[in-house]
Amino acid sequence: MSVRVYCNRCGSVARIESSSQEVETYKKLYCGCKNPECGHTFVMDLSFSHTLSPSALDMPENVRKVIQRADRTEQMLLFSELGRGA
């Protein structure tokens with residue numbers, strides 16, 4: 001999925017010309033409207049909001065290795081046990 005930016009003046013598609021990483025979870029996007037009759041240039045903010053599903057990298061490495069070695073049925077059993085709080 002790609003992000004599409006629109007001009008807030010004419011509604012046309014805009015191009016992200018450059019960006020500036022302010023902090024790890026916040027970026028400024030410098031944009032220009034692709035409509036030659038408009039030509040509006042503007043800055044938009046892109047920021048991290050929240051996690052929907054935790055990263056597997058948050059698990060200890062030894063646990064990840066056990067899960068990776070398990071076949072699909074064993075993985076499903078492991079995760080169902082975790083879901084029950086075992």
Side-chain angles (χ1 to χ4, degrees):
M1 176 181 157
S2 62
V3 175
R4 185 155 280 186
V5 175
Y6 295 93
C7 175
N8 69 340
R9 295 294 187 260
C10 72
S12 296
V13 173
R15 176 184 296 118
I16 299 170
E17 304 290 346
S18 64
S19 64
S20 171
Q21 190 79 41
E22 302 296 310
V23 293
E24 184 180 348
T25 59
Y26 174 73
K27 186 178 255 192
K28 285 186 178 185
L29 307 176
Y30 296 87
C31 308
C33 180
K34 290 174 74 174
N35 177 353
E37 294 179 5
C38 178
H40 181 225
T41 58
F42 54 97
V43 179
M44 294 188 80
D45 298 322
L46 178 65
S47 65
F48 174 81
S49 176
H50 59 280
T51 298
L52 297 175
S53 176
S55 168
L57 298 176
D58 292 338
M59 284 190 267
E61 186 176 350
N62 61 336
V63 174
R64 286 196 317 263
K65 286 181 179 180
V66 168
I67 293 169
Q68 289 170 346
R69 283 193 300 259
D71 66 32
R72 194 71 166 151
T73 304
E74 291 172 318
Q75 288 176 356
M76 290 174 65
L77 181 59
L78 285 167
F79 285 112
S80 69
E81 290 292 324
L82 286 172
R84 288 197 303 236

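Side chains included, hydrogens not; waters and symmetry mates left out as well; all remaining heavy atoms used.
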*Heavy-atom pair with the smallest gap, counting every atom of Cys7 and Ala14*: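 Scanning both residues, the minimum pair turns out to be N-CB, 4.2 Å.
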*Is a side-chain N or O of Gln75 found less than 3.5 angstrom from the main chain of Ile67, in a donor-acceptor match?*
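Between the backbone of Ile67 and the side chain of Gln75 there is a qualifying donor-acceptor contact (under 3.5 Å).
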Between [atom1] on residue [X] and [atom2] on residue [Y], distance to nearest 0.5 Å:
X	Y	atom1	atom2	result
Ile16	Arg4	CD1	CZ	11.0 Å
Lys28	Ser20	NZ	OG	7.0 Å
Glu17	Thr41	CD	OG1	9.0 Å

_Test: Arg72 and Glu74 ion pair at under 4.0 Å_ = no
_Over 12 foreign heavy atoms within 6.0 Å of CE, Met76_ = no
_Glu37 atom CD, neighbour heavy-atom count above 12 within 6.0 Å_ =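 Counting other residues, nucleotides and ligands, CD of Glu37 stays at 12 neighbours or fewer.
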_The criterion is side-chain hydrogen bond (donor to acceptor under 3.5 Å, both in side chains); which residues satisfy it with Ser47, sequence neighbours excluded?_
none
*In chain order, what residues pass the side-chain hydrogen bond (donor to acceptor under 3.5 Å, both in side chains) check against Lys34, with sequence neighbours excluded?*
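With sequence neighbours excluded, Lys34 shows a side-chain hydrogen bond (donor to acceptor under 3.5 Å, both in side chains) to no residue whatsoever.
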Whichever hydrophobic residues join [X] through chains of side-chain contacts under 4.5 Å:
X	answer
Leu52	none
Val23	Tyr26
Tyr30	Val43

*Could you name each residue pair satisfying salt bridge (Lys or Arg N to Asp or Glu O under 4.0 Å) that touches residues 50-63, not counting sequence neighbours?*
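Those involving residues 50-63 are Glu61-Lys65.
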*Distance-only donor-acceptor check, side chains Ser19 and Gln21, under 3.5 Å*: no
